[in-house]
Amino acid sequence: MNRLADATSPYLLQHADNPVDWFEWGHEAFERARADDKPLLVSVGYSACHWCHVMAHESFESATTAALMNELFVNVKVDREERPDVDAVTMAAAVAMTGSGGWPTTVFMTPDAKPFYAGTYFPPEPRHGIASFPELLHAVSDAWRARRGDLERQAERIDAALRSTSVGEPSREPLDASVLEEAARAVALTFEPAFGGFGRAPKFPAASTLELLLRRGDEEALDMVTATLDGMAAGGLYDVVGGGFHRYSVDDRWLVPHFEKMLYDNAVLASTYLHGWVVTGRERYRDVVEQTLEYVLRELALAGGGFASAQDADTNGVEGLTYTWAPEEAGEVGLPREALEPFEHGRFIVRGELEPELRRSVLATRLTRPQPFRDDKALASWNGLALAALAEAGYRLERPAWLDAARALGEFVLGPLSAEDGRLLRSTRDGRSSGAGFLDDYANVAHGLLELHAATGELPWLLEARRLALLAIELFADEEHGGFFLSPAEGDARVARTKDLQDTPIPSGCSMLAHVLLRLSRLWGEDELERRAVSVFRLVEPQLRTAPGFFAWMLCGLDLWLSPSRELAVVGDVDAPVARAALAPFAPRTVVAVGPTEEVPLLAGKSLVGGKPAVYVCERFACRAPVTEPEELA
């Protein structure tokens with residue numbers, strides 16, 4: 001038993017019985033490294049990561065390899081989901097040194113937490129030109145003894161470079177519609193028409209890029225959207241039996257996934273398919289939304305209202321075992337031959353649409369099998385995304401039970417996922433927290449609360465969204481260069497403060513907070529909130545034009561900022577016909593507040609009309625006469 005037995009992270013607990021003398025990231029590990037005068041070996045991963053399990057089985061469970069690690073290094077295990085700040089630094093180091101990244105990330109650091117060498121997975125024996133893990137351990141240790149000064153100077157350069165990336169000067173170039181036009185052309189160049197998606201294999205679901213194209217709304221954009229939504233939903237990446245999406249596809253066809261299921265993927269994709277349904281009317285997209293959220297509620301729900309982070313790719317050490325079928329198993333449940341696509345080891349993936357009764361029957365059988373490990377910590381950030389999806393889908397699809405689940409989730413993030421002083425926590429599990437929240441926690445929870453307010457008309461959710469957004473400014477803003485740091489000023493001083501800017505596979509903390517601040521600025525009429533949002537766009541203005549796939553949600557925020565201000569003040573029941581008619585279209589450039597109340601400037605002085613619910617359509621607080629009937633909205 002090592003030091004991980006009391007960890008809050010299920011990923012760390014998976015390593016508690018390793019013969020490796022693991023430490024958690026923290027003071028004790030660095031004090032030991034200084035006392036023993038050893039470098040640190042920092043291994044970063046997460047519970048649903050297939051190759052993390054492979055390396056753990058091959059190396060960390062090996063008594064011989066563990067003895068070598070314990071002799072030469074102070075060993076630190078990190079859950080990237082609990083410590084996104086550490087993950088950001090170690091991943092940046094790996095990419096800078098090797099040209100690529102991934103998990104597990106294997107990073108060697110000086111006793112003062114500066115990385116001097118990094119990589120990802122290393123095999124137990126030399127393979128395909130990759131050194132074995134034991135060879136790497138000896139080489140790094142030998143270099144530390146023989147060329148320590150060189151390595152420490154290299155570590156200083158790497159640390160300085162990591163810190164400098166977050167203090168770049170903002171662009172002074174115009175932020176205008178040309179940015180969106182250039183971005184649209186760049187996205188189209190990466191589109192893969194045969195099966196949808198952007199770029200070649202491996203293919204990741206690009207929810208933010210699809211949201212950007214839905215906002216454009218022209219024929220070319222919608223063709224890319226529908227081809228991609230259809231391709232992803234065909235089966236494989238999408239679980240046509242149980243609903244929900246696996247993390248990514250290893251092939252062009254969206255057929256063979258890595259089988260882990262992440263809460264964040266399913267949250268943002270449920271929202272994107274919902275918007276696709278609103279825009280196109282295709283019932284298949286509505287089916288995907290319903291099945292995906294049913295999966296989330298069935299298999300990720302936690303006691304108290306929150307949702308678990310992920311399900312593993314492996315079952316009993318075999319990737320995809322729960323989700324794939326041997327021919328005789330498929331025959332027993334009535335799966336037609338044409339629905340089966342070859343996977344590996346004589347097993348098959350289910351692809352294509354199944355009749356509802358057959359789908360329910362096959363799922364019932366599958367649920368009797370051994371199930372993949374579930375990472376049952378609740379992350380504030382990902383629960384915020386789930387909150388937005390549940391709230392909007394519950395309202396649009398008229399599913400009261402989903403709205404009730406969204407309310408319970410709102411109470412959860414403001415209760416167990418919050419500290420006594422009202423600040424968000426990063427995660428919670430069994431009543432214990434991993435520590436203070438990060439930028440994406442505040443941004444995503446505020447986003448979810450805004451959607452919950454619009455879906456229910458209940459004012460406290462809107463006021464809490466604003467409180468958290470203002471708190472995020474206080475904790476994370478870079479007053480000198482603009483934008484927001486990932487970690488708060490009083491965070492871990494050993495870790496360089498970086499800025500979370502890129503939007504893949506989910507919106508970055510910076511772009512989501514910018515989006516939230518723009519919406520709030522239009523509800524409260526506060527130019528300062530708008531200025532804070534625009535400072536984010538200026539940090540990456542050149543990349544918005546040339547690499548839009550990495551900044552698609554930020555481009556959605558820029559699109560909102562550049563659009564004419566349009567506000568809907570809804571007074572009365574959000575289920576009233578006039579309110580439903582006003583809120584029915586896909587209108588991402590419109591902001592919504594529901595009253596009556598004098599606490600929100602947009603709603604001040606607005607009331608029911610003749611005792612009936614009313615909608616006020618406004619532009620920069622200049623409002624037309626209120627309407628009480630749906631046909632008057634035209």
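Just so you know, residue 1 is the first one in the sequence shown, and it goes up from there.
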*Please report the C-alpha distance between Arg426 and Asp85 in whole Å, then the side-chain angles of each, then the deciding distance to 0.1 Å, and finally whether the salt bridge (charged side-chain N to carboxylate O under 4.0 Å, His left out) criterion is met.*
CA-CA 12 Å; Arg426 177 61 179 178; Asp85 55 338; over 6 Å; no
Item to complete: For the pair Arg432 and Asp430, evaluate salt bridge (charged side-chain N to carboxylate O under 4.0 Å, His left out) and give the outcome as yes or no after the intermediate values.
Response: CA-CA 6 Å; Arg432 298 172 60 213; Asp430 291 339; over 6 Å; no
Can you list the steps and then say if Phe438 with Asp500 is a side chain to side chain contact (heavy atoms under 4.5 Å, CB included)? CA-CA 10 Å; Phe438 292 86; Asp500 178 25; over 6 Å; no
Test Phe485 against Leu439 for side chain to side chain contact (heavy atoms under 4.5 Å, CB included), laying out the working first. CA-CA 7 Å; Phe485 292 106; Leu439 175 65; over 6 Å; no
For Thr209 and Asp503, what are the C-alpha separation, side-chain angles and deciding distance, and is it a side chain to side chain contact (heavy atoms under 4.5 Å, CB included)? CA-CA 9 Å; Thr209 300; Asp503 282 331; over 6 Å; no
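Judged as a salt bridge (Lys or Arg N to Asp or Glu O under 4.0 Å), and not counting sequence neighbours, Asp6 has no contacts. The side-chain hydrogen bond (donor to acceptor under 3.5 Å, both in side chains) test applied to Asn266 returns no partner, not counting sequence neighbours. For Thr504, there are no side-chain hydrogen bond (donor to acceptor under 3.5 Å, both in side chains) partners, not counting sequence neighbours. Residues satisfying the ring pair (Phe, Tyr, Trp, His ring centres under 6.0 Å) test with Trp553, not counting sequence neighbours, are His515. Here Glu451 pairs with Arg519 under the side-chain hydrogen bond (donor to acceptor under 3.5 Å, both in side chains) rule; sequence neighbours left out. Applying the disulfide (SG to SG under 2.5 Å) rule to Cys52 yields the partners Cys49; only residues at least two apart in sequence or on another chain are considered.
The closest side-chain heavy-atom distance from Leu568 to Val617 is below 4.5 Å. Looking at Val296 and Phe307, their side chains come closer than 4.5 Å, going by heavy atoms from C-beta outward. Cys618 places a side-chain heavy atom less than 4.5 Å from the side chain of Leu602. Looking only at side-chain heavy atoms (C-beta outward), Trp561 and Glu530 come within less than 4.5 Å of each other. Using a 4.5 Å cut-off on side-chain heavy atoms (C-beta onward), Val362 and Thr365 make no contact. In this structure, the side chains of Val289 and Arg286 stay at 4.5 Å or more apart for every pair of heavy atoms. Under the 4.5 Å side-chain criterion, counting only non-hydrogen atoms from C-beta, Asp87 is in contact with Trp103. Contact of the Asn383 side chain with the Tyr264 side chain is not registered, since no non-hydrogen atoms from C-beta on lie closer than 4.5 Å.
For the salt bridge (charged side-chain N to carboxylate O under 4.0 Å, His left out) condition, the pairs that include at least one residue of residues 461-473, sequence neighbours left out, are Glu464-Arg467, Arg466-Glu526. Identified under the disulfide (SG to SG under 2.5 Å) test for residues 372-410, with sequence neighbours left out: none. Listed by first then second residue, pairs satisfying salt bridge (charged side-chain N to carboxylate O under 4.0 Å, His left out) with a partner in residues 291-315 read Glu294-Arg399, not counting sequence neighbours. A salt bridge (charged side-chain N to carboxylate O under 4.0 Å, His left out) check over residues 580-591, counting only residues at least two apart or in different chains, returns the pairs Asp559-Arg589, Asp575-Arg580.
Ring geometry for Phe259 against Tyr323 counts as parallel: the plane angle stays under 30°, on a 0 to 90° scale with 60° as the upper cut.
Judged purely by atom type and a 3.5 angstrom limit, Asp375 has no side-chain atom pairing as donor or acceptor with the backbone of Ala310. Looking only at distances, no side-chain donor or acceptor of Ser418 sits under 3.5 Å from a matching main-chain atom of Leu424. Judged purely by atom type and a 3.5 angstrom limit, Arg532 has no side-chain atom pairing as donor or acceptor with the backbone of Leu517.
Between Tyr46 and Tyr11, a ring centre-to-centre spacing not shorter than 6.0 Å is recorded. In this structure, Phe484 has its ring center no closer than 6.0 Å to that of Phe476.
Within a 6.0 Å sphere centred on CZ of Phe550, heavy atoms belonging to other residues, nucleotides or ligands number 12 at most. Around the CD atom of Glu598, the shell of radius 6.0 Å holds more than 12 heavy atoms that belong to other residues, nucleotides or ligands. Heavy atoms of other residues, nucleotides or ligands lying less than 6.0 angstrom from CD of Glu490 number more than 12.
Heavy atoms only, all atoms of each residue included: Ala389 and Leu293 are closest at O-CD1, 4.1 Å.
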Donor-acceptor pairs are to be reported for all side-chain atoms of residues 270-277 against protein atoms at under 3.5 Å, with residues two or more places apart or in another chain.
unit_1	atom_1	unit_2	atom_2	d
Ser271	OG	Ala267	O	3.4
Thr272	OG1	Glu211	OE2	3.1
Thr272	OG1	Val268	O	3.0
Tyr273	OH	Leu229	O	2.7
His275	ND1	Glu211	OE1	3.0
His275	ND1	Glu211	OE2	2.9
His275	ND1	Ser271	O	3.3
His275	NE2	Glu392	OE1	2.9
His275	NE2	Glu392	OE2	3.0
Trp277	NE1	Glu283	OE2	3.1

Only pairs under 3.5 Å count here: list side-chain donor-acceptor contacts from residues 620-634, not counting sequence neighbours, and write none if there are none.
unit_1	atom_1	unit_2	atom_2	d
Glu629	OE2	Lys612	NZ	2.4
Glu632	OE2	Thr628	N	3.2
Glu632	OE2	Glu629	N	2.9

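Shown are Met512, His447, Arg423; of these, the side chain to side chain contact (heavy atoms under 4.5 Å, CB included) with Tyr442 is made only by Arg423.
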